[in-house]
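Please read the structure below before turning to the comments.
Throughout, a chain's letter reflects where its sequence line sits, starting with A, and its residues are numbered from 1.
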2 protein chains.
Amino acid sequence: MRTPASRRGKGSNPSALSQQVITDAAQRILDEEGHESLSMRRLARSLSITPMALYHHVRDKDELLILLLAKKAQSYPRPELPEEPRERLVAASQLLYDLLSEAAFLSEILTSPDLLAVAVSWITDSITEAAAACGLRPEDATKAQQLIWRYTAGELLALQSRRRLKQGTSKRPSSAIAEASAEKHPRITSMSARWPDLIAQNTHRRGLENIVDGILAAHRRDAHLPSG
Amino acid sequence: MRTPASRRGKGSNPSALSQQVITDAAQRILDEEGHESLSMRRLARSLSITPMALYHHVRDKDELLILLLAKKAQSYPRPELPEEPRERLVAASQLLYDLLSEAAFLSEILTSPDLLAVAVSWITDSITEAAAACGLRPEDATKAQQLIWRYTAGELLALQSRRRLKQGTSKRPSSAIAEASAEKHPRITSMSARWPDLIAQNTHRRGLENIVDGILAAHRRDAHLPSG
DNA sequence: ACCTGAACACCGTTCAAGT
DNA sequence: ACCTGAACACCGTTCAAGT
């Protein structure tokens with residue numbers, strides 16, 4: 001009983017399934033149909049194979065996504081970073097944000113920050129290095145990197161919801177929520193009116209600089225106090 | 001509010017279904033089985049009703065989750081905040097983090113920050129107010145609140161993954177990822193060895209203070225430059 | 001070793017109908 | 001108005017078997 005699976009076209013060898021082929025196909029789905037469409041089953045269909053065939057090359061969906069991110073990180077342009085340490089710290093952090101904003105599927109794996117961080121480590125390493133060059137001890141430099149990483153994660157979530165808002169996939173506040181929460185605070189009413197404009201803005205860069213300066217100021221304080 | 005705390009006989013009267021009854025049952029599932037177990041179907045089963053009966057009282061699952069959060073926010077203890085503006089800003093921000101860390105299902109709705117923010121607006125309002133009391137103009141105070149909110153979101157993601165790590169639901173880095181990413185950076189190897197200790201720490205408070213001070217310093221700079 | 005077929009154990013949500 | 005039954009259109013993943 002021979003399965004008449006339609007030829008995979010394009011490829012010369014139908015049995016040429018590999019991690020490379022899989023991630024390429026996944027990226028194509030991401031680009032053409034959006035990250036909501038990327039499922040193991042959909043991916044298998046696009047390769048004319050059984051979903052289970054995928055599991056011979058990737059452990060699970062999370063691994064696939066991280067792999068996708070790692071590939072993007074690898075091929076990402078690596079600009080020369082500024083000489084001046086503080087500028088370098090800001091630039092490397094900005095780079096992290098820019099790269100990750102291109103990975104729309106990110107929210108699904110954002111809860112695995114450690115795995116994620118490994119995938120983009122050439123950038124997070126630069127951040128740590130730059131922090132160290134600003135005078136922070138290795139330990140504090142790593143903490144600084146972590147702080148920036150977490151802020152970046154929060155900004156990326158916000159970016160994602162802004163995008164969905166544009167797409168029109170978002171939801172209206174729904175009276176139930178307003179009712180359940182708008183009881184004891186009069187202020188919100190006036191503030192929420194301005195909200196749409198405010199959340200529409202990309203405030204990442206400004207925030208980043210505030211944070212970097214906050215870190216460096218704290219360092220200078222700590223460095224001066226013990227000796228004086 | 002016309003809920004006279006009446007009959008909710010466990011299965012005796014199926015017509016006693018209401019938003020109150022639904023959210024109570026959902027909270028029970030959350031508490032007893034964890035947020036992964038909370039689904040519309042599971043919830044319906046626990047109430048001995050059809051999944052679709054739920055949709056007469058909540059629009060969809062997201063609304064249910066936000067409702068759950070709004071309830072928690074409402075019943076959360078409201079401590080007296082410090083008089084001193086900077087201290088108040090820090091304290092209110094810490095409060096936001098503390099409250100949200102108790103909502104383990106949060107990551108599912110973290111991508112709707114605007115809806116979320118309405119649910120906990122009594123805290124976010126305090127943050128904005130405190131920032132204004134520090135001298136920021138209303139617009140800048142709102143931006144400060146936004147910055148803090150986003151950092152908090154990032155910290156909460158990190159917290160969540162730390163919890164999963166403890167639970168043992170986490171994944172080992174998997175050679176494929178290491179292979180795909182650890183090619184061009186030698187530094188990562190030495191750093192990732194220290195990682196487990198570092199990510200295990202709760203660095204939120206320290207980071208928060210850095211950020212608050214960064215914001216206030218930027219404000220002082222901006223306020224002084226134009227006049228002098 | 002690599003892949004298939006079938007199944008397991010689920011999801012959120014829509015629709016038409018019942019009371 | 002409130003609820004059910006059945007279906008739609010999916011998920012990720014395991015298992016045993018085939019080549």
Side-chain angles (χ1 to χ4, degrees), chain A residues 1-8 11 13-22 25-26 29-30 33-68 105 107-109 111-112 164 169-171 174 176, chain B residues 2-3 6-9 11-22 25-26 29 33-68 105 107-109 111-112 164 169-171 174 176:
Chain A
M1 209 158 62
R2 165 179 320 227
T3 42
S6 44
R7 286 274 144 159
R8 257 189 298 290
N13 187 359
S15 60
L17 193 59
S18 67
Q19 218 169 66
Q20 179 74 254
V21 172
I22 290 173
I29 292 175
L30 245 27
E33 301 173 41
H35 76 280
E36 308 88 355
S37 301
L38 180 59
S39 71
M40 297 304 263
R41 293 175 115 106
R42 173 77 192 79
L43 177 55
R45 219 183 309 137
S46 89
L47 287 164
S48 305
I49 52 158
T50 296
M52 277 317 298
L54 298 169
Y55 288 84
H56 273 268
H57 298 91
V58 293
R59 185 167 57 189
D60 53 22
K61 198 188 176 184
D62 273 17
E63 178 170 295
L64 174 66
L65 293 178
I66 303 250
L67 232 34
L68 245 26
F105 56 89
S107 62
E108 289 183 57
I109 45 172
T111 26
S112 315
R164 284 193 313 177
T169 326
S170 64
K171 283 151 195 164
S174 115
Chain B
R2 61 274 198 224
T3 330
S6 52
R7 49 213 316 221
R8 77 188 70 143
S12 57
N13 189 0
S15 60
L17 194 59
S18 67
Q19 216 169 67
Q20 180 75 255
V21 172
I22 289 174
I29 292 175
E33 302 173 42
H35 75 279
E36 308 88 354
S37 301
L38 181 59
S39 70
M40 297 304 264
R41 294 175 114 105
R42 173 78 191 77
L43 177 55
R45 220 183 309 137
S46 88
L47 287 165
S48 306
I49 52 156
T50 295
M52 276 318 298
L54 298 169
Y55 288 85
H56 272 269
H57 298 91
V58 293
R59 185 168 58 188
D60 53 22
K61 198 189 176 183
D62 273 17
E63 177 169 295
L64 174 65
L65 293 178
I66 302 249
L67 232 33
L68 245 27
F105 57 88
S107 62
E108 288 184 57
I109 44 172
T111 26
S112 315
R164 283 192 315 175
T169 326
S170 65
K171 281 151 194 165
S174 116

Q. Between Val58(B) and Leu67(B), what is the shortest heavy-atom contact and its length?
A. CG1-CD2, 3.9 Å
Q | Distance in angstrom units between Ile49(A) CD1 and dT19(D) P, rounded | A | 19 Å
(Q) Main chain of Ala53(A), side chain of Thr50(A): is a donor-acceptor contact present, judged purely on distance under 3.5 Å? (A) no
Q: Kindly point out which of dT4(C), dT13(D), dC3(D) is positioned nearest to the side chain of Thr50(A)?
A: dT4(C)
Q) OP1, OP2 of dC3(D) versus side-chain N and O of His57(B): anything below 4.0 Å? A) yes
Q: Nearest whole angstrom, please: distance from the P of dA1(C) to the CE of Met52(A).
A: 16 Å
Q. Tell me: CZ of Arg45(B) to C1' of dC11(C), nearest whole Å?
A. 11 Å
Q: Provide, to the nearest angstrom, the distance between the CG atom belonging to Leu43(A) and the C1' atom belonging to dC10(D).
A: 16 Å
Q: List the atom of Met40(B), the atom of Asp60(B), and the distance in Å for their closest heavy-atom pair.
A: CE-C, 4.3 Å
Q.
Expressed as a whole number of angstroms, how long is the span from Gln19(B):CD to dC2(D):C1'?
A. 15 Å
Q. If you write DNA chain D from 5' to 3' in dot-bracket form, with Watson-Crick or G-U pairs under 3.5 Å, [ ] for crossing pairs and | for pairs with another strand, what do you get?
A. ||.|||||...|||||.||
Q) Can a donor-acceptor pair under 3.5 Å be found between the side-chain atoms of His56(A) and the base atoms of dC3(C)? A) yes
Q | Pairwise C1' distance for dC10(D) and dA7(C), with rounding to whole Å | A | 16 Å
Q: Might you point out which heavy atoms bring Ser18(B) and His57(B) nearest each other, and give the distance in Å?
A: CA-CD2, 3.8 Å
**Q.** For Ile22(B) against Leu17(B), the heavy-atom pair lying closest together
**A.** CG1-CD1, 3.7 Å
Q. Closest to the Arg41(B) side chain: dC3(C), dT13(C), dC11(D)?
A. dT13(C)
Q.
Please report the distance, rounded to the nearest Å, between CZ in Arg42(A) and C1' in dG12(D).
A. 17 Å
Q | dC2(D) and dC15(C), which share atom name C1', separated by this distance in whole Å | A | 16 Å
Q) Quick one: is dC11(D) close enough that its OP1 or OP2 comes under 4.0 Å of any side-chain N or O from Ser39(A)? A) yes
**Q.** Whole-angstrom distance between dC3(D) and dT14(C), as gauged at atom C1'
**A.** 15 Å
Q: Please report, rounded to the nearest Å, how far the C1' atom of dC11(C) is from the CG atom of Leu38(B).
A: 12 Å
Q. At their closest point, which heavy atom of Lys61(B) faces which heavy atom of Leu38(B), and how far apart are they?
A. NZ-O, 3.0 Å
(Q) I need the CD-C1' distance between Glu33(A) and dC10(D), as an integer number of Å. (A) 15 Å
Q | Side chain to side chain, Leu54(A) and Leu64(A), heavy atoms closer than 4.5 Å | A | no
